[in-house]
Amino acid sequence: MPLTAAHDRRIALSVTTVGILAATLNSSILLISLPAIFSGLGLNPLAPANISYLLWMLMGYLLVTAVLVVTFGRLGDQYGRARLFNLGFGIFTVASVACALVPNTGSAGALELISLRILQGVGGAMLTANSTAIITDAFPPDRRGFALGVNQVAAIGGSFLGLIIGGLLSEWHWRAVFWVSVPIGIWGTWMGYRTLRDQPRDRQSKVAIDWWGNLTFGVGLIAILVAITYGLQPYGGHTMGWSSPMVLLGLIGGAVLLIAFGVIETRVTDPMMDLRLFRIRAFAAGQTVNFLVSMARGGLQFMLIIWLQGIWLPLHGYNFANTPLWAGIYMLPLTIGFLVAGPASGALSDRFGARAFSTGGLLLTAATFGGLIAIPANFNYVVFAILLALNGIGMGLVAAPNSAAIMNAVPANERGAASGIRATGMNAGMVLSMGGFFTLMAIGLASRLPASMYDGLTRLGITPDAANSISHTPPVGTLFAAFLGDNPIKALVSQVDPQQLRPGSGVDVATLTGREFFPHLISDPFRHGLAIAFGASIVMLLIAAVASLMRGERFIHGESGMPAGSGPDRRSDSDGQVGTPRHETVVEAMAREGAALDGIPGQDVAYEDALADQSASRPRP
C-alpha cells in the first residue's frame, strides 16, 4: 500500500507538471515568434488592421482558458479530475497539429490560426483546471508546498521557456513553433490515460452548469478585450480610438456584464465561481495576491521584448531580423531566478507558511520594477540582468507558497473549483495586463513620439511636410513594429513620400534606415510609457503585499481520510488550524522532499510507514 501511494504521487506530479508546462509554454511561445509568423502569413506589421490579429493570436488562448477553467474544474470535481485532464491533453495535441498545418496565408490564415489557438486553449483550460487539484489529492498537506512548487515552476517557468524555444524554432520555420507541442501532447495523453486514476467521489451529487454565469463572465471579458483592441487603432482623425462609440460600449457593457456575473453567482445553486469560498480568509487573500500579481507581471515580457528588440539590441550591433532570438536569450536571468526560488520556497513554506515568502517576494518584485524604471534605455546589461534575476526570484517566492495556501484552505470536494478560480484569476489578470500594458505604453508614446520623430526626421533632411505626416502615424504601429523586431522608418517614409529616399534628395538615407536611428528616436518616449506601465505594476504589487500580510497563520482545511496530524511534522486542531510543528530543520525538509521525488529507493515507503505508524500510535478521541 505505501509503495503504491508513493508511486501514484510520483506519477501524478510528473504527468500534471508536463501538462501544465505544455499549456503555459504555449501561452508565451508566440510572444517571441510572432515576427516569423507574420512573415510566414504575409502580414504587414505596420497595417492598423493587423494589430487586432497580433493581439488575438496572443490573447485568444489565454482568454478562453480564463473563461472555461472554473467550469472545467467543477466538472472535474463531478466526473473525475484525471478524466478531464486526459481529455484536455488530447484536445490540446490535436489543436497543436492543426495550428502547424494552417493552409492559408494573409487575413484568412490569421483567422484560422486564431480559431485553432482558441481550440488549443480549451484543452489548456482542462489541463490547468485539474492539474493543481490532482496534485492536492495525491499529496498530504505537509508535502503539498514542495509538489505545488514543482508544478508552479513548470507553469510560470513554461511561460519563460516559451520565449527561448519560440526564438530558436522561429529561426528555422514558424510552423515548428506549433509542432514542438505535439510529441509532448502525445506522451502526456498516453501516459495520463495509462496511469492517472481518479479518487472515489460522491456520484449522488450532480454539478449543474452555470450557463448564465459562464455567459456573463465570458462575454464581459471578451467585450472589454475587444474594446481595448480597437481603442489602440486610429478612429475619426485621432491616432487612437478611445472616443469610438463601439469602444466605449464595449468597455461599459463589459463592466456591466462582469458586475452582473457577481450578482448571479450569489443567487444560483451551483455557481461557476463559488463566492462562498472567499469567506475563508486564507483563500480570499491568496486569490487577491494571485490576480494582482498576474496583472502586474502579465505585460512584463511584452515590455522587455519591445525594449530589447526595438532599442537595446540594435544599439549593440544586432540586425533587426535577429533580435527576436537574442531577446529571448538576454531574458534568461528572469527564468533562472524563478527556477531557483520556486521549488525552494514551496518546500520551505510547508514549514513556515506562505505569508513571509509571499509578502517578501511581492516587495522584492515591486523593487525590481522600480529599478527597471530607473535605468536608462541603453542600459548596462549586468545591471539589467541582476534586476531580471531578482524579479524572477521575487515571483518564485510568491508562486508556490501562495498556490499551496489557496489549495490548503478549501475542502477536498471543492479543490477542482478552487483550482479553476485560481487559474481564472491568473489568466484573466494576464490577459487584461497585456491589453492594459499596451494601452498605457501607447498613451505614453502618443504624448512624446510625434515631436521626437519630427525633430529626428527633419534633422536628417526629410522635408517638414513629410516629417509632419510621418510623425502623426498612429504610435501603436511603431510600437508593434518594435515588438515584431522591425525597423519601420523606411516603410513609413516610403508610404508618405518615396522621393525622400532617392539619391540626391538631401536625406541621409544610410543613417535614417540604419540600426541606431529608430532606437534613439523611440528611447525617450518608450521610457515615458514604461514608467507609466511599470508604475501601475508597483501599485498593484504593493496592494498584493498588504493582502498577503492579512492572510493569517498557515491554515489547512480539515480533511476526511487524512491522519489527524496532517503528516509527520505537524498537528492540527479540530478546526483544521495547524498547530506548532515539530522542529525539522530546513535542510532535512529539503532533503526529504528531494529524495522522495528523485526516486531514491525506500524513501517514499519509509515516509508512508512513518505516516501510518504515527496515525496508529495517536490516541483516539
Side-chain angles (χ1 to χ4, degrees), residues 142 144-153 155-157 159-160 281-298 300 333-374 383 385-409 422 425-426 429 534-556 578 581 583-587 589-590 593:
D142 71 306
R144 282 179 195 153
F146 185 83
L148 289 170
V150 173
N151 194 257
Q152 286 297 297
V153 164
I156 301 180
S159 66
F160 295 145
R281 184 172 67 168
F283 181 84
Q287 292 292 4
T288 301
V289 170
N290 180 51
F291 179 72
L292 289 174
V293 167
S294 298
M295 283 283 289
R297 70 174 176 83
L300 172 65
L334 186 68
T335 306
I336 294 171
F338 183 85
L339 294 178
V340 167
S345 66
L348 297 178
S349 71
D350 282 338
R351 176 181 176 188
F352 298 105
R355 182 163 58 179
F357 291 98
S358 181
T359 306
L362 290 164
L363 294 175
L364 176 60
T365 305
T368 61
F369 274 102
L372 290 170
I373 292 174
V383 175
I386 291 172
L387 287 171
L388 290 191
L390 290 175
N391 187 281
I393 290 171
M395 288 191 287
L397 290 173
V398 176
N402 194 62
S403 293
I406 290 172
M407 298 305 296
N408 282 335
R422 183 192 64 83
M426 183 172 66
F534 282 5
S537 290
I538 291 173
V539 171
M540 287 185 282
L541 288 167
L542 293 178
I543 295 173
V546 173
S548 180
L549 278 173
M550 296 174 65
R551 74 171 73 235
E553 297 295 332
R554 183 169 182 260
F555 174 79
I556 298 175
V578 172
H583 291 292
E584 178 184 50
T585 68
V586 171
V587 174
M590 293 286 288
E593 298 293 351

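Heads up: numbering here begins at 1 and tracks the sequence.
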Could you pull out the closest heavy-atom pair between [X] and [Y], with the gap in Å?
X: Val289; Y: Ala544; value: CG2-O, 3.5 Å
X: Pro401; Y: Phe357; value: CG-CB, 3.9 Å
X: Met426; Y: Asn290; value: N-ND2, 3.5 Å
X: Met395; Y: Leu334; value: CE-CD1, 3.9 Å
X: Phe291; Y: Gly425; value: CD1-O, 3.3 Å
X: Leu363; Y: Ala545; value: CD2-CB, 3.9 Å

Could you point out which residue of Asn402, Leu541, Ile543, Leu397 forms a side chain to side chain contact (heavy atoms under 4.5 Å, CB included) with Leu362?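 Going through the options one by one, the only one that passes is Leu541.
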
Tell me, please, which residues at least two apart from [X] pass side chain to side chain contact (heavy atoms under 4.5 Å, CB included).
X: Thr288; result: Leu292, Ala547
X: Ala385; result: Pro333, Tyr381
X: Val546; result: Met550

Hey, could you give me the CG/OG1 distance between Leu542 and Thr365, rounded to the nearest 0.5 Å?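 Leu542 CG to Thr365 OG1: 10.5 Å, rounded to 0.5 Å.
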
Working to the nearest 0.5 Å, report the span between CG of Leu388 and CG of Leu372.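 The CG atom of Leu372 is 6.5 Å from CG of Leu388, to the nearest 0.5 Å.
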
Test of understanding: with side chain to side chain donor-acceptor pair (under 3.5 Å), list the residues that count as partners of Ser358, not counting sequence neighbours.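 Ser548, Arg551.
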
Quick one, Phe369 and Leu387 - any side-chain contact, counting heavy atoms below 4.5 Å?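 Not in contact.
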
Sequence neighbours excluded - side chain to side chain donor-acceptor pair (under 3.5 Å) pairs with any residue from residues 385-399: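 Passing the test, one end in residues 385-399: Thr368-Asn391.
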
